[in-house]
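Notes follow once the structure below has been shown.
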Amino acid sequence: MSRIAVELPGLSMKNPIMPASGCFGFGEEMGSLYDLNELGAIALKATTREPRFGNETPRVAETAAGMLNAIGLQNPGLQKVISEKLPKLKSIETPLLANIAGTTMEDYEEVAADLSGTGRVNALELNISCPNVKEGGIAFGTDPSLAAELTERVKAVSSVPVYVKLSPNVTDITDIAKAVERAGADGLTLINTLSGMKIDRKSRKPLLANQAGGLSGPAVKPIAVRMIHEVRRQTQLPLIGMGGISDVEDIIDFIIAGADAVAVGTANFTNPFICPELSRGLEKWLAQEQYTHLYDLQPKEVHSVE
Amino acid sequence: MRKEDMIVLENKEIARDIFEMKLGGLLVQDITEPGQFLHIHTSPQPFPLLRRPLSICKTNKAEEYLTVIYRAEGEGTRLLSACSKGSTLDVIGPLGHGFPVSDVSPGEKVLLAGGGVGVPPLYDTGHALKEKGVDVTTVIGFSDKGTVFYEDPFRDIGRVFVSTADGSYGTAGFVTDVMEKEKLAFDRIFACGPVPMLKALETKYPEAEGCISLEERMGCGIGVCLACVCHTRQDPDGSDYRKVCSDGPVFPWKEVVL
Ligand SMILES: Cc1cc2nc3c(=O)[nH]c(=O)nc-3n(C[C@H](O)[C@H](O)[C@H](O)COP(=O)(O)OP(=O)(O)OC[C@H]3O[C@@H](n4cnc5c(N)ncnc54)[C@H](O)[C@@H]3O)c2cc1C
Ligand SMILES: Cc1cc2nc3c(=O)[nH]c(=O)nc-3n(C[C@H](O)[C@H](O)[C@H](O)COP(=O)(O)O)c2cc1C
Ligand code: FES
């Protein structure tokens with residue numbers, strides 16, 4: 001048996017590594033660099049009901065060991081994602097996790113029903129945690145009862161498992177985790193970016209056109225690890241962990257903290273080949289250390305996924 | 001496109017804070033058009049995190065090297081300026097689409113307009129045009145005498161005019177002032193420089209045929225993160241867009257909103 005294959009609801013992964021939403025587009029560009037079948041799964045860029053241009057530029061800024069982004073959920077909209085983006089992924093076997101976003105509960109329901117109905121999407125990731133759009137989204141991610149209601153409604157219309165992506169921009173992340181678990185979520189993905197700001201000293205204004213942006217990259221890793229550790233102890237749900245992963249050691253830390261699989265975001269920008277390199281590196285490390293499976297790293301009492 | 005540890009063959013200051021760096025590696029063989037760019041990790045350490053986009057200035061496929069010219073200004077470019085001969089740099093490239101030299105016919109008059117560190121990609125472009133028998137005129141603008149570079153190399157390609165904003169060298173003013181003063185006529189224009197310069201050119205010559213090369217802050221450099229987008233003139237407030245890194249950085253005259 002493979003040391004690194006993992007089974008999560010809807011996602012039968014040959015390795016525990018997927019590119020994180022928004023850091024891989026819809027796979028086209030990366031597909032010309034390497035075989036996407038090497039990935040455990042792919043989290044697609046957020047899809048909204050209508051096409052969105054997103055925020056004005058500058059949309060990214062570098063920070064100490066990290067970056068801020070305020071893309072603003074730019075995407076071609078539900079119809080084009082179905083007619084143009086998903087067909088290009090037909091020839092690969094890698095499971096797809098479709099990230100969906102919206103302003104109203106009805107938006108989420110419509111996108112969820114249509115995307116899960118395509119047959120090509122293996123699971124949904126409810127983005128209720130994007131810090132970069134003014135309306136909706138983040139409100140669902142910071143209010144446990146709204147998050148639960150949205151989860152329930154999306155579950156009712158989706159024909160595939162539903163993961164909820166949690167925001168770190170809350171006082172207690174476990175409140176939301178427990179609320180969406182009770183509402184029927186099949187899994188959790190965490191963390192999304194942390195709200196931050198960079199000042200441009202020359203203009204004496206925030207550098208990003210949107211003023212605030214979401215912090216990602218190695219700088220956020222300790223926060224992500226802490227939150228996964230907390231959530232692991234409060235829910236039974238499978239967890240896909242992310243936030244600053246850029247090498248094999250990072251993945252091991254996330255698994256020990258309680259993640260069942262991981263996503264890699266910002267590191268794709270520094271090294272477009274990072275995901276396949278990490279899966280080979282992880283396999284090699286486990287073999288060297290004589291682990292028969294990745295999950296043997298996890299302290300038994302906390303690993304609750306069967 | 002490939003990711004390669006390129007060897008620093010030379011790295012020297014050619015004007016105030018302006019460095020010319022010669023890099024050797026296989027990547028040179030993949031270059032298809034002048035005006036493509038590299039995305040360079042500026043340190044052997046993991047940080048600074050983001051790569052820096054720099055235009056390819058000169059290509060020598062036979063000897064497998066290329067040059068880039070950059071202004072050492074912020075953290076990353078300052079680190080680059082300290083790289084010594086023989087060290088290596090993690091580079092991805094060539095990226096993006098360059099100037100469409102293949103569209104130009106022999107005998108055509110092409111004007112190259114460059115501002116500051118927008119000048120480098122015009123060098124290979126000028127060379128490729130000259131080889132095709134195109135009549136090339138170059139107008140390059142800088143802030144002051146101390147930052148002028150590559151006036152002589154461009155003379156090998158055709159006529160060259162230089163301007164400085166403070167008037168300390170060449171014509172006082174901007175590239176557009178030189179073009180007016182010298183009444184420069186052209187069939188086509190290729191421009192690269194700061195946005196105000198590109199805007200001035202597109203406004204002064206609205207009917208011109210040609211291309212501009214744009215700068216934008218980048219995340220990935222390969223088209224996946226949507227950091228570098230701009231609106232199109234066809235749909236200035238809508239959801240249509242172009243990515244500077246993978247659709248550009250070179251765009252047809254007046255295609256995108258500046
Ligand atoms: C396609 C393209 C080609 C370019 N070609 C050249 C060239 O040939 N020579 C040259 O000197 N410069 C060029 N630039 C601009 C160059 O990329 C920036 O000057 C450089 O990234 C600044 O990095 P820094 O470390 O000095 O600044 P820092 O302030 O440390 O940079 C912080 C972040 O902001 C980004 N950034 C800051 N200024 C710019 C800018 N003007 N454009 C894009 N990103 C920026 C950096 O890439 C980095 O991610 C080009 C830009 C683009 C997009
Ligand atoms: C440029 C960029 C765009 C992103 N877009 C999305 C998005 O559309 N939907 C989403 O749920 N998360 C988005 N994210 C968040 C990432 O999926 C991830 O949660 C976060 O970046 C932390 O992981 P990292 O440190 O490995 O990047 C984006 C992140 C970045 C850097
Ligand atoms: S820099 Fe990522 S899409 Fe252009």
Side-chain angles (χ1 to χ4, degrees), chain A residues 19-20 22-34 45-46 48 50-77 80 202 207-209 213 216-219 244 246-247 265-274 277, chain B residues 1-5 30 39-53 73-77 79 90-93 95-96 195 214-232 235-248 256-258:
Chain A
C23 304
F24 210 76
F26 289 89
E28 275 166 72
E29 297 81 7
M30 290 292 196
S32 67
L33 300 185
Y34 62 84
K45 176 72 190 165
T48 54
E50 302 300 330
R52 281 180 63 96
F53 179 82
N55 296 318
E56 296 307 322
T57 58
R59 291 176 169 189
V60 292
E62 190 173 62
T63 60
M67 66 177 282
L68 291 167
N69 89 80
I71 307 297
L73 299 180
Q74 178 161 23
N75 79 96
K80 277 205 172 143
K202 266 190 205 157
L207 191 147
L208 297 175
S216 64
S246 47
D247 59 29
T266 305
N268 287 285
F269 307 160
T270 348
N271 176 7
F273 302 97
I274 187 94
E277 284 177 12
Chain B
M1 188 283 239
R2 70 174 82 209
K3 178 172 177 292
E4 185 178 13
D5 287 331
D30 302 340
H39 217 194
I40 304 182
H41 194 71
T42 55
S43 162
Q45 305 303 321
F47 311 118
L49 185 74
L50 297 177
R51 291 170 180 271
R52 302 300 193 257
E73 198 174 17
E75 190 188 359
T77 50
L79 283 167
D90 170 3
V91 177
I92 60 178
L95 300 174
V195 168
L214 258 191
E215 277 185 8
E216 190 48 82
R217 281 172 192 262
M218 293 185 174
C220 66
I222 56 173
V224 300
C225 75
L226 301 174
C228 66
V229 302
C230 50
H231 290 281
T232 61
D235 182 26
D237 304 312
S239 61
D240 192 22
Y241 66 94
R242 296 288 181 276
K243 294 183 267 197
V244 171
C245 68
S246 54
D247 298 323
V256 299
V257 177
L258 294 175

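Just so it is clear, the structure is predicted and the values come from calculations on it, not from any experiment.
- Interface remark: A/P76 contributes no atoms to any contact with chain B (heavy atom separation under 4.5 Å).
- In this structure, the salt bridge (Lys or Arg N to Asp or Glu O under 4.0 Å) partners of B/D90, at least two apart in sequence or on a different chain, are B/K3, B/R51.
- The two atoms that bring B/R217 and A/P58 nearest to each other are CD-CB, 3.8 Å, heavy atoms only.
- Side-chain contact between B/M1 and A/E29: absent, with no pair of heavy atoms (C-beta onward) separated by less than 4.5 Å.
- In this structure, no portion of A/E28 lies under 4.5 Å from any heavy atom of chain B.
- No other option in B/V229, B/I92, B/I222, B/D240 has as many heavy-atom pairs under 4.5 Å with chain A as B/V229.
- For A/F26, no part lies near chain B; criterion is any non-hydrogen pair under 4.5 Å.
- By number of non-hydrogen pairs under 4.5 angstrom with chain A, the leading residue of B/P46, B/G223, B/G221 is B/G223.
- A distance of 7.5 Å separates CG of B/L49 from CE of A/M67, quoted to the nearest 0.5 Å.
- Put simply, OG1 on A/T57 and CG on B/L226 are 12.5 Å apart, with the number rounded to the nearest 0.5 Å.
- The aromatic rings of B/Y241 and A/F53 sit perpendicular, their planes meeting at an angle over 60°, well past the 30° parallel limit.
- Interface residue A/L207: only side-chain heavy atoms are found under 4.5 Å from chain B.
- Ranking B/H39, B/E75, B/E216 against chain A, the residue ahead of the rest is B/E216, based on heavy-atom pairs under 4.5 Å.
- The salt bridge (Lys or Arg N to Asp or Glu O under 4.0 Å) test applied to A/K80 returns no partner, not counting sequence neighbours.
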